[in-house]
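Both counts, for ligands and for their atoms, begin at 1 and track the order of listing. All residue numbers in this chain count up from 1 along the given sequence.
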Amino acid sequence: MKVSCRRKSLKLDIPFTISRGTTVERQVLIAEIEHEGVIGYGEASPSAYYGDSIEAAEKAIRGTEALLAGPEIGRDPYALELIASGLGREFPLSPSGRAAVEMAAHDIAGKLAGLPLYRLLGLAGMKPPLTSYTVAVKDVDLIRGDLDRLRSFPILKVKLGFGREENLLDFLSGETDAVIRADVNEGWDAGTAIEKMARYQEKYAIEFFEQPLPRADIEGYKMLMAETGSTVFVDESVTSREDVFRWAGLAHGVNLKLMKSGGIREVLAMVTAARAAGLKVMLGCMVETSVGISAAAQISPLADFCDLDGNLLISNDPFRGVRGAGGLLDLGELPGLGVRPSC
Ligand code: MG
């Protein structure tokens, strides 16, 4: 198996603001693994927040060739568990780099079998939940011209935690009929959260609040569970199956992402862990091309909620694949991840 990768700078349609800052473009890596003429595509969208970087991801992707050719895997494209565990052992510092290689390996396996990945994984007949569309702006004026697009999505996920929130929530609840979910990205303390969650729940019927408090604020989450009637998800707090069990009883659900957890196999294990721990499952994403989004979409029938819109937020997606237009994730019948280069 030959492994290569290239960098790509993704341009955001609208500057993307969360409680920790604003992004106008994002660097990702597109990985290609070639096996007997079949090309598998993968993507790394690394996040410094999780200790990852474009350099670490590139090192992981480029360093994979020896692992795939080694005696354990022996270039067998169906050795998906061994590929995942080998990547975890060799490249612990780059979950997104591992995710890219694993995606490409799953893409090859699906293409060789002539099956879309969801069918290969036994998920035929199950429907993915609708995906939300993310609104991540400081200023309402940035989205006034984008109302047609916003109105085409039945669910909006609104980033909060950086002030002027109620302007934005007033605007969205007045101008659209969408269900509103809130993602605070650790932007509140427990006292603020208890007050705001009650008020916003009452005024805007927020479906759930994601990561209202800092990721390690266990005592704060205990307070939210005891003192609010709102549904709480954690995202930044959870990157592994062990984390999922740690958060049982401290939140109602977990947001799982390929890029922070190292790929499809770990996220599948996390889904099982979450079910055993009585937690709801959301499948989320970073700003990504259609490669990463399609990989996540292929396992999305296992989720209760989806936030797979990273490819809808960029203007230069180099691939075509699963897109959540109108919130609907159509997995299609193309083999593997269901992606093709767009030019
Ligand atoms: Mg989040």
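None of T239, D235, N255 except one satisfies the side-chain hydrogen bond (donor to acceptor under 3.5 Å, both in side chains) rule with K260; the exception is D235.
Note on D235: its N/O/S atom closest to the Mg ion (ligand 1) is OD2. Summary: OD2 is the N/O/S atom of D183 found nearest to the Mg ion (ligand 1).
The pair E266-R241 meets the salt-bridge criterion, with a side-chain N (NZ, NE, NH1 or NH2) lying under 4.0 Å from an Asp/Glu carboxylate O.
Side-chain atoms of W188 and L160, non-hydrogen and from C-beta on, do get closer than 4.5 Å to each other.
Among the atoms of E210, an N, O or S atom is found under 2.8 Å from the Mg ion (ligand 1). Within the coordination shell of the Mg ion (ligand 1), defined by N, O or S atoms under 2.8 Å, E236 is absent.
A distance below 6.0 Å separates the ring centres of F319 and Y41.
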